[in-house]
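We name chains A, B, ... by the order of the sequence lines, and we start the count at 1 in each one.
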Number of protein chains: 2
Amino acid sequence: MGSASRVVNGHPGVRPEIRERVRTAARELGYRPDPLAQGLRARRSRLVTLVVPDITNPFFAELARELELDCAARGYQLVLRNSMESPATEYDALLSALDHRPSGIVVVPTAGTTALPATGDVPLVVCDRRLPGGAAPTVVSDNRQGASAATAYLMGLGHRRIACLAGPPGVHAADERLAGYLALTGGTPEGHGPVVRGPFDYATGQRAARELLDLDRPPTAILAGSDQQAIGVLHACLNRGLRVPDDISVCGFDAIALSALTSPALTTVRQPVRRIAARAMEFLLGPRPPDPAGFPAPAGADDCAGAGDSVGARDSAGARGSTGARDSTGAADSAGASDSAGARDSTVAGSSTRAADPSAPHSDVRNAPAPHPAEPDADLPHPAAPVLVSLPTELVVRASCAPPPEGTRTP
Amino acid sequence: MGSASRVVNGHPGVRPEIRERVRTAARELGYRPDPLAQGLRARRSRLVTLVVPDITNPFFAELARELELDCAARGYQLVLRNSMESPATEYDALLSALDHRPSGIVVVPTAGTTALPATGDVPLVVCDRRLPGGAAPTVVSDNRQGASAATAYLMGLGHRRIACLAGPPGVHAADERLAGYLALTGGTPEGHGPVVRGPFDYATGQRAARELLDLDRPPTAILAGSDQQAIGVLHACLNRGLRVPDDISVCGFDAIALSALTSPALTTVRQPVRRIAARAMEFLLGPRPPDPAGFPAPAGADDCAGAGDSVGARDSAGARGSTGARDSTGAADSAGASDSAGARDSTVAGSSTRAADPSAPHSDVRNAPAPHPAEPDADLPHPAAPVLVSLPTELVVRASCAPPPEGTRTP
DNA sequence: GTGAAAGCGCTAACAT
DNA sequence: ATGTTAGCGCTTTCAC
């Protein structure tokens, strides 16, 4: 029975003969490991908890989907929690999530979150937004760079009065986007255009647009802080009888599905949701096919047959041995992290290399304001885990932006 | 220690003194029950699994949120799974969900789903869509009635050429909505207008609208199968230079948040998402405050004090005893179910009365290798459980519909 | 490398 | 009504 367990968990050091015998028996008996018992004993359930402010936000929904798909592929289950933008609710959600001893936690903190509960040895990663003090490992997209790219695009089109509708103060993504905008417009002879801030929602977009349009010299372009805002802006403009992009340009942020389907289609900045999800999961669970077992991961007893049959040789290397079986990831991703460096000093992190053991690398990453100020040494198992990963965004040029009405001016 | 368990689980028959003692100790020790151990022993985890085609669909996101909120309030966690409209994926998701011995399963089946796996003694409820053969307990909104209401409204406005953009064939909600439309227009002297079918998404709306607008005698109103479709229609019309609602009326379905924020705001049919969620949860877990414990449900050790104290009497009737403690629900909701009967024979269910024991009523609903071929005996727990609950929808009149351009004709 | 034994933290039958 | 006793199904030392 000990050996059975070893086989199921893909532990090395089991004679091939025995392993096959166990596998066959398992298959014939239709054996399915009991996650509860496993969890109780191993003090770790195959659950990943996601805490978002509100799953109804299309961006979070997309994130949730990507995470869930990734979980499913690895044989994990995604637990969903809504904090409803309440730090207290978020805190409670985290606490009760912890009770279930999840394999990892992904949280998109509320605007008011200052600290997260101690997670013990449960790895946690912050997504999309940042916590003050960078108190936890974080993966975000490079909002500043994205906003700058959009601003540059607008300026290149000839716009000189570009308004910025930014998200709520204190929300990292909002602040960063604003910073990206200011970085380019601030140095301009005309100075930067009007700035309005507010929640990332449709209503705010409408309200802000009306406000902006009522100005003495209304802007010729509006850079919104989210697609939802941008759509609100779009509608407000349209309602005012303005043509977009002929009379005014509008640019969004996020590239949610809907943004492609407005009229005109929204020029926007794409957040690499899929990559964000992938990086987060990688951080929590290790590189993609941890293949933690010869077969328990795949759900149906069916498909494991196909896969399991010829697998015998596969894990000769030991899917999760103590050696650098997983550095493939490290290499690829350090690249991903650094190529976002196009934007200034901001973000970007202590690059790639992660220790091999999935249980170890996180413990020190948490709370810990920088475990070691500097890590000169570096071979394989050094405890230097990236604290902040910033993924590059992508400008999606569609139809909602054009040169300003009066005529383009080439600088 | 036995008593401790009894207290924690709110079992009756514990002397108040002891109970207090246990509670105090628990509080001081910061005791938190281990859900894994509880689950292993009780063969039931405090998890509820939700399987949706795609959480990215705003309607499902809303459903998920409501369910999650309800779960959280009861001390449960919501596991999210995306079937991506693939019956096979859905099946696997259910299978692996079952491994965790959830307290219940909510599934929005894919269009191609014909059967669900046997869930053993795990209660399962189908939401929003229906399974062929009504093989499982179901709670949906009365789509037919909703579509009829919208159609009637349009006809009342004077429209005679109303097109219907319906969802994909085979999807129950889509079929029902179409039926609701046909029921009113079919008998009309002019007969019903053109019908187009396709996925519930934005793109389909745009495509269909263009198609419809190219007709020799284009419709004066379009009844869409979803808000997403309707928004696509809206954009397509606007792009064609048509004014909505002056030149053409558009009506949506679902009343997602976005529908209020388009310009013009969408007239649509509201699905009682919150009630759907509430009913589903009630079906799975019993009436709202099952308060399965004096305090483990509330997350923080803080709030448990307030609630737990005076609870003592609550469960005198036994929140989930073998008697009809839950027909309060049945009464209220059977009403809800039947007043939707305004639309013909359709939906509506074997009204209210449900068996009291949560473990029993479901077993027979499934195909199930039936433990006992027949269970003649029946006192309160008669196996007559409602198989279908249909909740009434609500027409939300906003700005996207108006009398047809040529002039209204009063019948 | 492989069995055997000892529990993970809790609940449900038991005896009291 | 309370204390005691078995395990739930698995992982993990620990001897072999």
**OP:** Quick one: pull up CG in A:L94 and CG in A:L124 and give me the separation to the nearest 0.5 Å.
**Re:** 6.0 Å
Original post:
Between atom CD of A:E20 and atom CZ of A:R15, what is the distance when rounded to the nearest 0.5 Å?
Top reply: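 Reported value, rounded in 0.5 Å steps: 13.5 Å.
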**OP:** Please figure out whether A:L36 or B:R21 has its closest DNA chain D nucleotide nearer the 5' end.
**Re:**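 Its nucleotide being nearer the 5' end, the pick is B:R21.
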N/O-N/O pairs, protein side and nucleotides 10-12 of chain C side, under 3.5 Å:
| from | atom 1 | to | atom 2 | distance (Å) |
| --- | --- | --- | --- | --- |
| C:dC10 | OP1 | B:Y31 | OH | 2.6 |
| C:dC10 | OP1 | B:D34 | N | 2.9 |
| C:dT11 | OP1 | B:N9 | OD1 | 3.3 |
| C:dT11 | OP1 | B:N9 | ND2 | 3.1 |
| C:dT11 | OP1 | B:Q38 | NE2 | 2.8 |
| C:dT11 | OP2 | B:S5 | OG | 3.0 |
| C:dT11 | O2 | B:R41 | NH1 | 2.7 |

**OP:** Considering just the side-chain nitrogens and oxygens of A:R43, establish if one lies under 4.0 Å of OP1 or OP2 belonging to C:dG9.
**Re:**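 For A:R43, the contact criterion (side-chain N or O under 4.0 Å from OP1 or OP2 of C:dG9) is met.
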Subject >> Residue among A:L50, A:V51, A:I55 satisfying side chain to side chain contact (heavy atoms under 4.5 Å, CB included) with A:N82 >> reply: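 Between A:N82 and the candidates, side chain to side chain contact (heavy atoms under 4.5 Å, CB included) is satisfied uniquely by A:I55.
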Name all residues meeting the side-chain hydrogen bond (donor to acceptor under 3.5 Å, both in side chains) criterion together with [X]; count only those two or more places apart in sequence or in a different chain, and write none if there are none.
X      : result
B:Q77  : none
A:T113 : A:E90, A:T110
A:S5   : A:N9
B:T89  : B:S86

Subject >> Bounds of contact between DNA chain D and chain A, in 5' to 3' order, using a heavy-atom cut-off under 4.0 Å >> reply: D:dG9 to D:dT12
**OP:** Scan B:I18 against the nucleic acid and name what it touches under 4.0 Å (heavy atoms): base, sugar-phosphate only, or nothing.
**Re:**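 Answer is sugar-phosphate: B:I18 comes under 4.0 Å of backbone atoms only.
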Original post:
Between A:S3 and A:R21, do the side chains contain an N or O donor and an N or O acceptor separated by less than 3.5 Å?
Top reply: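 Absent: no donor and acceptor within the cut-off.
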Subject >> Nucleotide C:dG9, atom C1' - distance to NE2 of A:H100 in whole Å >> reply: 14 Å
